[in-house]
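Below is one structure, written out as structure tokens, with a few remarks after it.
Quick note: numbers below take in every heavy atom, side chains included, and nothing from hydrogens, waters or symmetry partners. Please read these numbers as outputs of a predicted model, since none were measured by experiment.
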Amino acid sequence: MSARLPLFLRQLRCPPQPAGPPRRLRVPCRASSGGGGRCGGGEGLLGQRRQQNAQARSSRGPGSQAPPARNSIVREVIQNSKEVLSLLQEKNPAFKPVLAIIQAGDDNLMQEVNQNLAEEAGLNITHICLPPESSEDEIIDEILKINEDTRVHGLALQISENSFSNKVLNALKPEKDVDGVTDINLGKLVRGDAQECFISPVARAVIELLEKSGVNLDGKKILLVGAHGSLEASLQCLFQRKGSMTMSSQWETPQLQSKLQEADIVVLGSPKPEGIPLSWIQPGTTVLNCSHDFLSGKLGCGPPSMQFSGRIAEDDVSLLAAALRIQNMVGSGRRWLREQQYTRWRLHCLKLQPLSPVPSDIEISRAQTPKAVDVLAKEIGLLADEIEIYGKSKAKVRLSLLERLKDQADGKYVLVAGITPTPLGEGKSTVTIGLVQALTAHLNINSFACLRQPSQGPTFGVKGGAAGGGYAQVIPMEEFNLHLTGDIHAITAANNLLAAAIDTRILHENTQTDKALYNRLVPLANGVREFSKIQLARLKKLGINKSDPSTLTEEEIRKFSRLNIDPSTITWQRVLDTNDRFLRKITIGQANTEKGYSRQAQFDIAVASEIMAVLALTDSLTDMKERLGRMVVASDKDGQPITAEDLGVTGALTVLMKDAIKPNLMQTLEGTPVFVHAGPFANIAHGNSSVLADKIALKLVGEEGFVVTEAGFGADIGMEKFFNIKCRASGLVPNVVVLVATVRALKMHGGGPSVTAGVPLKREYTEENIQLVADGCCNLQKQIQIAQLFGVPVVVALNVFKTDTRAEIDLVCELAKRAGAFDAVPCYHWSIGGKGSVDLAWAVREAASKRSRFQFLYDVQLPIVEKIRTIAQAVYGARDIELSPEAQSKIDRYTQQGFGNLPICMAKTHLSLSHQPDKKGVPRDFILPISDVRASIGAGFIYPLVGTMSTMPGLPTRPCFYDIDLDTETEQVKGLF
């Protein structure tokens with residue numbers, strides 16, 4: 001009978017009519033809110049069927065039991081469904097559940113019944129009509145499509161009995177299985193979780209009709225004949241809960257006659273064979289038919305029907321079952337709406353077993369088995385259709401989540417910054433991970449870490465990876481540091497496509513006439529020239545209000561076809577995600593095919609691309625497309641900016657970036673969630689992870705949760721840009737700054753020996769030296785003051801190394817508090833995980849409870865020079881700035897071009913507050929030289945260059961790649977750190 005669950009009502013034909021031609025149609029049946037009375041009326045095919053059955057019922061005789069008022073029961077179910085749906089729609093006016101029915105063959109009666117009931121309740125129905133001979137795989141293909149269609153809330157199958165296999169039934173998503181046929185729904189029913197599953201409408205209809213007929217089921221002997229599969233299981237379960245004794249039998253069972261005679265109630269689950277006489281059923285027995293072929297089912301073709309009392313006809317069951325399916329649909333819609341709301345996390349954290357001495361980062365990472373990413377996603381409230389899984393431990397999160405949770409209040413927003421670092425780094429990423437592990441795994445507070453994706457250049461160069469370290473890192477670290485989900489590769493492809501477009505356009509304009517150029521830009525296709533969408537936008541920009549290519553004048557053709565790029569003004573470079581010093585200056589166009597057009601150019605590291613900065617600052621796919629189009633790549637010979645939109649490449653760039661815009665979900669060693677997304681340079685760009693990752697995380701953690709994100713380099717660079725650029729773009733307001741310091745870095749600022757990557761530390765750094773620490777705290781105090789300029793409370797996190805002494809730790813914490821820090825806390829997450837940062841977590845939570853007085857440092861409407869001067873004096877401590885002639889010229893050009901109201905992104909060394917890397921501590925009374933000024937118009941900032949800045953790192957004498965290897969048997973990566 002499982003095959004007949006969706007086949008409640010069929011128009012009976014005798015002899016059977018030949019099947020019509022194969023059809024594959026999608027017919028949406030839009031239901032209206034009116035139509036009173038249609039669900040129980042006698043119109044059309046349904047009315048004909050009822051008239052036929054009425055004739056059969058009239059033969060029962062005066063002593064037979066009257067069936068329940070079918071129409072009133074159905075109306076009650078439909079009216080209840082309608083009222084529930086109306087209540088749901090009061091809060092969600094646009095919500096209207098959609099039931100999809102996959103039908104293989106012709107059954108107009110079924111379509112009419114479903115549509116009538118849906119109209120009455122206020123639902124929409126979509127029929128997918130397949131040919132009767134459709135294969136199992138073809139049906140499953142349609143099921144899978146409906147499973148992924150977020151507009152559809154329920155799915156039913158109206159197919160032949162032979163097509164009902166376990167493979168087909170369990171292809172349905174359980175949450176859309178409104179007929180209750182999947183193993184998951186049946187399992188929940190058997191376990192007693194009726195509120196958490198869909199129950200077969202046919203089985204429910206049988207119980208409802210019996211009870212409405214006044215039958216007391218307690219102690220009754222029930223015989224299910226010819227039922228099997230999900231219907232048999234559902235009926236047995238429901239009858240047993242009513243106190244009935246249930247037996248099952250097939251038509252060919254030898255003892256069927258005796259069982260029929262013993263039964264108080266008989267439920268027929270499939271057509272009665274002609275060889276089984278009706279006399280076997282005792283008079284007075286209540287009989288329910290779940291088959292379309294019982295007694296009068298073969299009207300005019302079979303033997304005359306026998307009179308006996310207690311019969312409830314097929315239409316009674318089938319029509320009520322159809323109504324109960326509609327009720328299930330409304331329930332499905334209600335569940336769906338509930339899922340759209342914010343839900344509390346049910347996070348299962350992973351246990352750590354820290355070792356001493358602490359193993360290497362990759363050994364620690366590999367010793368922990370991460371949760372499957374789909375499990376993590378479900379734990380934090382992500383829906384199945386909101387993630388795109390990459391392997392076992394990574395997933396992209398779709399931006400649709402922001403619309404779903406738009407009414408959810410944001411959590412607390414925490415920025416991790418640092419003091420001026422040594423070349424070794426002071427552990428901001430490690431502190432970030434340690435803090436969220438402490439908050440979530442140890443304090444049971446929802447938290448999310450948002451990190452930048454690392455470039456592969458440093459990973460194979462000298463710095464290594466950026467997944468954190470010790471027992472506070474993102475796992476698997478090799479996947480974090482290598483490729484991830486390909487976002488940087490997408491940026492590389494998009495960047496270099498634009499670079500190729502620039503030089504190609506110059507070549508073609510130099511070698512073709514206006515007419516030839518125009519004919520190639522707007523080619524004939526089937527004898528017709530048509531402008532593309534982006535070409536029409538260019539015409540509009542030029543003030544040419546025409547859409548027919550044949551109507552342009554010669555002057556308009558020239559203006560449209562020629563960008564007249566000035567090669568000396570090209571600022572767009574090719575990129576590569578590898579440290580390669582020999583690409584810092586190159587000559588392109590030396591092949592004969594380029595016809596003598598060559599110029600000097602360069603490669604930048606991929607994360608220095610403006611497209612990376614665009615990705616980090618955008619807040620939607622539409623916004624990203626607009627930003628990509630606005631990117632200025634050069635000027636024309638009249639000094640006007642040339643954009644990606646002018647080159648006609650905006651749409652192609654967006655296509656290449658359409659997946660990269662989705663944040664990447666990973667996890668920490670303790671199983672707490674992490675977003676890894678975007679990785680702009682912290683000098684020529686703003687050095688922060690993406691706005692989108694932060695916004696999504698802030699919704700997911702809930703109002704009492706925390707999102708912890710990191711700013712590159714010291715607070716004077718990364719934090720200042722986070723506030724003035726990122727927060728200005730996102731509209732988000734930070735609650736707390738966590739300022740990371742180390743005793744090592746403070747000793748350096750106090751006058752200690754130079755620190756060089758790859759060279760062992762001098763003894764001043766490995767032995768206690770209170771004086772060096774005290775002298776170096778001036779840098780910590782200055783960075784606290786910088787944060788206070790923005791009105792945000794500061795908690796100092798002292799990242800403790802094993803060589804630090806208690807006296808040194810206590811001194812730093814004391815001096816930090818004296819300097820105005822809300823609190824200062826030593827942290828031990830590197831050696832023991834989140835447990836080592838619980839004190840930091842408490843301090844951050846307390847600081848976040850205070851009212852934020854956040855403010856920007858400057859008004860963007862100020863002239864470019866004044867904004868630069870404000871940063872130099874207030875943040876770096878400079879006496880003044882000094883502009884080179886080239887810098888002044890660029891400022892004048894950008895102001896004239898209308899870009900003067902953009903925020904400033906200073907490109908300065910991170911190793912000193914000044915422009916001189918060897919000036920440690922707090923340099924004073926210096927003049928900050930501005931050698932050049934450039935613009936990232938798509939990203940939305942002007943970046944002055946302080947001194948000379950390299951955008952392509954080089955490899956050292958002994959790069960990290962010497963230690964990186966692959967075990968070819970286990971495929972495990974070795975040597976990453």
Exercise. On the 0 to 90° scale, with breaks at 30° and 60°, tag the F899-Y894 ring pair as parallel, tilted or perpendicular.
Key: tilted

Quiz item: Does the S365 side chain pair with the main chain of D361, one donor and one acceptor, at a distance under 3.5 Å?
Solution: no

Exercise. For the pair Q667 (side chain) and I475 (backbone), establish whether a donor and an acceptor sit closer than 3.5 Å, ignoring hydrogens and angles.
Key: no

Exercise. Report the residue from K658, K394, K396, K662 that forms a salt bridge (Lys or Arg N to Asp or Glu O under 4.0 Å) with D487.
Key: K396

Quiz item: Does E610 reach the main-chain N or O of A685 with its side chain, forming a donor-acceptor pair under 3.5 Å?
Solution: no

Quiz item: Can you check whether M906 reaches I930 side chain to side chain, under 4.5 Å on heavy atoms?
Solution: yes

Practice problem: Determine whether L401 and L700 make a side-chain contact, defined as any pair of heavy atoms from C-beta on separated by less than 4.5 Å. | Solution: yes

Practice problem: Without swapping roles, check the side chain of S912 against the backbone of K920 for a donor-acceptor pair under 3.5 Å. | Solution: no

Quiz item: Does Y876 have K908 sitting over its ring (NZ/CZ under 6.0 Å from centre, angle to axis within 45°)?
Solution: yes

Practice problem: Quick one: list whatever passes salt bridge (charged side-chain N to carboxylate O under 4.0 Å, His left out) with D932, sequence neighbours left out. | Solution: K890, R934

Exercise. Tell me, please, whether Y858 has R728 positioned over its six-membered ring: NZ or CZ under 6.0 Å from the ring centre and within 45 degrees of its axis?
Key: yes

Quiz item: Are R627 and L617 close enough that some pair of their side-chain heavy atoms sits under 4.5 Å apart?
Solution: yes

Quiz item: What pairs meet the salt bridge (Lys or Arg N to Asp or Glu O under 4.0 Å) rule with one or both residues in residues 688-700, with sequence neighbours excluded?
Solution: D410-K699, D694-K726

Practice problem: Give the minimum heavy-atom separation between A682 and R452, together with the two atoms involved. | Solution: CB-NH1, 4.1 Å

Exercise. Answer yes or no: is there a donor N or O on one side and an acceptor on the other, between the side chain of S429 and the main chain of G468, under 3.5 Å?
Key: no

Quiz item: Considering residues at least two apart in sequence or located in another chain, which fulfil the salt bridge (charged side-chain N to carboxylate O under 4.0 Å, His left out) criterion with R574?
Solution: D503

Quiz item: Restricting to pairs with a member in residues 705-730, which pass ring pair (Phe, Tyr, Trp, His ring centres under 6.0 Å), not counting sequence neighbours?
Solution: Y413-F722, F713-H910, F723-F790, F723-F854

Self-check item: Backbone N/O of D619 and side chain of D623: donor-acceptor pair under 3.5 Å
Solution: yes

Practice problem: Go through the structure and list residues passing side-chain hydrogen bond (donor to acceptor under 3.5 Å, both in side chains) with E426, not counting sequence neighbours. | Solution: T422, T742, R744

Exercise. For residues I725 and P903, report the shortest heavy-atom separation together with the two atoms involved.
Key: CG1-CB, 4.1 Å

Quiz item: Can you name the salt bridge (charged side-chain N to carboxylate O under 4.0 Å, His left out) partners of E720, sequence neighbours left out?
Solution: none

Quiz item: Under the 3.5 angstrom rule, does the side chain of N724 hit a backbone N or O of L857 as a donor-acceptor pair?
Solution: yes

Self-check item: Flag side-chain contact, heavy atom, 4.5 Å: T432 against L451
Solution: yes

